[in-house]
Asker: 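Can you keep this structure in mind? I'll have questions shortly.
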Amino acid sequence: MPDLHGSCKCLFAGKGVLLVRQQKLKLCALFSKRLEVAVTKTFYAETGMGKNTPPGDVKLVRENIAHKSIVLVGLMGAGKTTIGRRVAQKLNLDFVDADHEIERAADMSVAEIFEKHGEKAFRDGERRVIARLLENGPQVLATGGGAYMDEQTRKAIGQNGICIWLDCKHSLLMKRVRRRSTRPLLQTADPDQTMRDLMDERYPVYAKADIRVESRDVPHNAIVNDVIAALAGFLDPNSTKAEQ
Ligand code: S3P
């Protein structure tokens, strides 16, 4: 015959444990909900994801851009084409990629031009194509990483464009360029070091751009918003920056 009293005691004890467990679960659920909200808020604040570009910024840029091109410069992997295309979409402007235009004009890929004709021929073509493209503003123009190193091209951009340097850390550049092996300058024994050398050589020159925006490892939308906000600040007729 089972011990009823004992069984009840067990049952109640078990229920008690269950109740405590339920309370704990409720508390956990509450805590994790709060944690989730906090994490989501931080994520949105950090990444800018889900945030729309302020329409005021878009309007200001469109009203003050005149015939100028928005020219993106920076190292390979900085995101010039990806960001440029999206900036153009938001501003309802045409987008053009200088490398793509060079390839079209030569009917060859950049790698083939380097291989068959050498870097000097590529740079000459690059200078000519960018000069021609700059006549078509307003638009967004993404340039190849070496274009802004050319003094004549820098001058042409200065006269016909607003130059934005997409500044980017070495680790992120490498993470991105590793995805494609089509860049002739990185076909070296030590691409990591090559990229560092290019940074040393080029960053002081890229720093001459009108605007610097950091290209971070966050959703593109965040960088696009940063670019448009920086442009709005630069073009704002009431801002002191615009007079510089
Ligand atoms: C170059 C960058 C490339 C391309 C060419 C040379 C450079 O363009 O123009 O391979 O000198 O940095 P991306 O910056 O678009 O990769």
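Each ligand, and each atom within it, is numbered from 1 in the order the structure gives. Below, each value reflects all heavy atoms present in this structure, side chains not excepted, and no hydrogens, waters or symmetry copies. Note that the coordinates shown come from a computational prediction; the quantities given were computed from them, not determined experimentally.
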Asker: Within the 4.0 Å heavy-atom shell around G144, which atoms of ligand 1 are there?
Answerer: 8 (O), 9 (O), 14 (O)
Asker: Could you tell me whether a side-chain N or O of D210 sits under 3.5 Å from a main-chain N or O of C163, the two making a donor and an acceptor?
Answerer: yes
Asker: Among all protein non-hydrogen atoms, which one is nearest to atom 5 (C) of ligand 1, and what is the separation to 0.1 Å?
Answerer: V110 CG1, 3.7 Å
Asker: Could you tell me whether R123 approaches ligand 1 through its side chain, its backbone, both or neither, with non-hydrogen atoms closer than 4.0 Å?
Answerer: side chain
Asker: Do side-chain atoms of S215 reach the backbone of L166 as a donor and acceptor pair under 3.5 angstrom?
Answerer: no
Asker: Would you check the N or O atoms of G145, main chain and side chain alike, for any that come under 3.5 Å of an N or O of ligand 1?
Answerer: yes
Asker: Heavy-atom contacts under 4.0 Å between L185 and ligand 1: side chain, backbone, both, or neither?
Answerer: side chain
Asker: Run the numbers for me: atoms of ligand 1, each under 4.0 Å from some heavy atom of R183, listed by number.
Answerer: 16 (O)
Asker: Does K175 pair with D217 as a salt bridge, N-O distance under 4.0 Å?
Answerer: yes
Asker: Have a look at L72, L75, D99 and point out the one with the heavy atom closest to atom 4 (C) of ligand 1.
Answerer: D99
Asker: Among R123, R127, K155, R202, find the residue that satisfies the salt bridge (Lys or Arg N to Asp or Glu O under 4.0 Å) test when tested with D150.
Answerer: R127
Asker: Does the plane of the ring in Y203 sit parallel, tilted or perpendicular to the ring in W165? Use 30° and 60° as the thresholds.
Answerer: perpendicular
Asker: Identify the closest protein heavy atom to atom 12 (O) of ligand 1: which residue and atom is it, and at what distance?
Answerer: R202 NH1, 2.6 Å
Asker: According to a 4.5 Å side-chain heavy-atom criterion applied to Ile, Leu, Val, Met, Phe, Trp and Tyr, with indirect links allowed, do L235 and V227 form part of one hydrophobic cluster?
Answerer: yes
Asker: Tell me: protein heavy atom nearest atom 14 (O) of ligand 1, and distance?
Answerer: K80 NZ, 2.6 Å
Asker: Hey, is the main chain of A98 close enough, under 3.5 Å, to the side chain of T143 for a donor-acceptor pair?
Answerer: no
Asker: Show the atoms of ligand 1 that are less than 4.0 angstrom away from any heavy atom in F122.
Answerer: 9 (O)
